[in-house]
There are 2 protein chains.
Amino acid sequence: MENYGIDEIDYRILHYIIEDSRLSHKEIGEKIHMTGQAVGARIRKLRELEIIEGYTVRWNPQKLGQNIHALITVFLSSNKAHPLFQKFALEHGSVAELHRVSGEGCYWMRVYVKDHEELASFLDQLLEFGNYRVSLGMGQLK
Amino acid sequence: MENYGIDEIDYRILHYIIEDSRLSHKEIGEKIHMTGQAVGARIRKLRELEIIEGYTVRWNPQKLGQNIHALITVFLSSNKAHPLFQKFALEHGSVAELHRVSGEGCYWMRVYVKDHEELASFLDQLLEFGNYRVSLGMGQLK
DNA sequence: CGAAATCCTTTCCGGGTGAAAGCAGAAATG
DNA sequence: CATTTCTGCTTTCACCCGGAAAGGATTTCG
């Protein structure tokens, strides 16, 4: 819970740029009654503390033909399977996110593919390493 | 698979800005042998097509004291529970992501909390609506 | 009280962004 | 084949943003 020197103002700034990282410092400053430069200094601090890890975009897989959004929990069948599975998942372009987990399963991952066929093929490959449980995303609410 | 007018160059640009949305158009242009303005026009097109939905940052929940990253599948006990559950999840600050799913469960969500106590309290509230399965994130690999 | 630290504002400069105009190559048409 | 049209890139330009530096207000501590 090392809270570094983060205060309420930093939180508010962080929320604003999570929402839209292209807000100018000046615009954010107007919301919180500061100059843009002061906001810039705080954002720089958030970067240096690595609370902000990087800048990216929200993009729409469906509009690129990735119509299937699968949330997959993986149960490896043997301890030896880990390195191979990791290599597989890291290198596979359909895997958008991968976590080691405890609780249900060994890994959890997010996969985007374009159709059922591609999903089936992916799951076939996955069977090499162990078992899985799949949920298909039907719409993001938040 | 409505591919709009997206070509290989657009894909490359998109990958670059998913990686780092603060790359200047000029820098991207150097990688793909174009001027910054041409890159800017393509990015504008990606925004207008809503392939790029918005700009945001990658941030580190742990450094803000949100030490627990829970991946939760929710099984609602009754059809009547949906509206209330949705309201609960949408309004609860710990819920970072929420999807309707088919397959395992009714909903899938990502939750950040600071400790086990907070998680337990959250799960208690969740029990009002139905059942759940929890996995705890132990490290992101991708 | 005086010094140091912190954090803000003011000022200024380099550079990025987006608009507009112009140009080149490809495709369509007579 | 010549002409027109369209598309997408480059050039130019004006504006604004972001970061650095310097200065000022407030708090902390000996």
Side-chain angles (χ1 to χ4, degrees), chain A residues 1-67 93 96 114, chain B residues 1-67 93 96 114:
Chain A
M1 172 58 159
E2 325 99 43
N3 205 330
Y4 304 101
I6 305 304
D7 63 16
E8 192 52 41
I9 296 176
D10 293 314
Y11 275 109
R12 293 188 60 192
I13 293 175
L14 182 58
H15 285 307
Y16 284 127
I17 64 176
I18 287 175
E19 195 65 32
D20 180 4
S21 67
R22 292 208 313 176
L23 285 173
S24 74
H25 298 170
K26 190 179 163 192
E27 285 173 298
I28 296 172
E30 285 162 5
K31 295 174 192 287
I32 61 174
H33 311 295
M34 268 190 188
T35 60
Q37 287 78 351
V39 173
R42 281 170 180 269
I43 291 179
R44 211 172 308 129
K45 182 182 69 180
L46 291 172
R47 276 204 301 269
E48 282 161 7
L49 293 173
E50 288 176 316
I51 288 170
I52 293 175
E53 297 179 331
Y55 289 73
T56 186
V57 295
R58 280 187 290 268
W59 57 286
N60 187 327
Q62 287 198 24
K63 300 213 174 184
L64 289 174
Q66 304 295 293
N67 293 300
K114 78 169 196 297
Chain B
M1 175 57 158
E2 326 102 42
N3 205 332
Y4 304 99
I6 305 307
D7 63 14
E8 192 51 42
I9 296 176
D10 294 314
Y11 275 107
R12 293 188 60 193
I13 292 176
L14 183 57
H15 284 307
Y16 285 127
I17 63 176
I18 288 173
E19 194 65 32
D20 180 4
S21 67
R22 291 207 316 174
L23 286 172
S24 74
H25 299 171
K26 189 177 165 192
E27 284 173 299
I28 296 173
E30 284 162 6
K31 295 174 192 289
I32 61 175
H33 311 295
M34 269 190 189
T35 59
Q37 288 77 351
V39 173
R42 281 170 179 270
I43 291 179
R44 213 169 306 129
K45 182 182 69 179
L46 292 172
R47 276 204 300 269
E48 281 159 8
L49 292 174
E50 288 177 314
I51 289 170
I52 294 176
E53 298 179 330
Y55 291 72
T56 185
V57 293
R58 280 189 289 269
W59 57 285
N60 187 325
Q62 286 198 25
K63 299 212 173 183
L64 289 174
Q66 304 295 294
N67 293 301
K114 76 170 200 293

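Throughout, protein chains are lettered first and strands after them, A, B, ... in sequence-line order, and every chain is numbered starting at 1.
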Completion exercise
Note: contacts of residues 15-28 of chain A with DNA chain D (heavy atom, under 4.0 Å) are A/Ser24, A/His25

Exercise for the section: Give the intermediate values and the outcome of side-chain contact (heavy atoms from CB on, under 4.5 Å) for residues A/Tyr11 and B/Leu64. Expected result: CA-CA 9 Å; A/Tyr11 275 109; B/Leu64 289 174; 3.9 Å; yes

Problem - B/Lys26: salt bridge (charged side-chain N to carboxylate O under 4.0 Å, His left out) partners, not counting sequence neighbours - result: none

Pull out every protein N or O sitting under 3.5 Å from an N or O of nucleotides 23-25 of chain D, one pair per line with the distance.
none

Handout entry: Distance-minimising heavy-atom pair for A/Asn67 and A/Gln62
Key = OD1-O, 3.8 Å

Problem - Set of side chain to side chain contact (heavy atoms under 4.5 Å, CB included) partners for A/Glu19, sequence neighbours left out - result: none

Completion exercise
By side chain to side chain contact (heavy atoms under 4.5 Å, CB included), B/Glu48 pairs with (sequence neighbours left out) B/Arg44

Practice task
Name every residue in residues 47-56 of chain B that has at least one heavy atom under 4.0 Å from any atom of DNA chain D, in order of residue number, or write none if there are no such residues.
Solution key: none

Completion exercise
chain A reaches DNA chain C, atoms under 4.0 Å from its heavy atoms, from C/dC8 to C/dG18

Handout entry: Rounded distance [0.5 Å steps], CD1 in B/Ile52 versus CG in B/Leu14
Key = 5.5 Å

Practice task
Output all residues satisfying side chain to side chain contact (heavy atoms under 4.5 Å, CB included) with B/Arg22, sequence neighbours left out; order by chain, then residue number.
Solution key: A/Arg47, A/Tyr55, B/Asp20

Practice task
With rounding to the nearest 0.5 Å, note down the distance linking CD1 in A/Ile13 to NE2 in A/His25.
Solution key: 9.0 Å

Fill in the blank from the handout: Contacts of A/Glu27 meeting salt bridge (charged side-chain N to carboxylate O under 4.0 Å, His left out) (sequence neighbours excluded), chain-then-number -> none

All N/O contacts under 3.5 Å from nucleotides 11-14 of chain D to the protein, with atom names and distances to one decimal?
unit_1	atom_1	unit_2	atom_2	d
D/dT12	O4	B/Gln37	NE2	2.9

Handout entry: Divergence of helical axes at both termini of the helix from C/dC1-D/dG30 to C/dG30-D/dC1 - five pairs an end, 10° steps
Key = 20°

Exercise for the section: Please name all residues satisfying side chain to side chain contact (heavy atoms under 4.5 Å, CB included) with B/Glu53, sequence neighbours left out, ordered by chain then number. Expected result: A/Arg58, A/Asn60

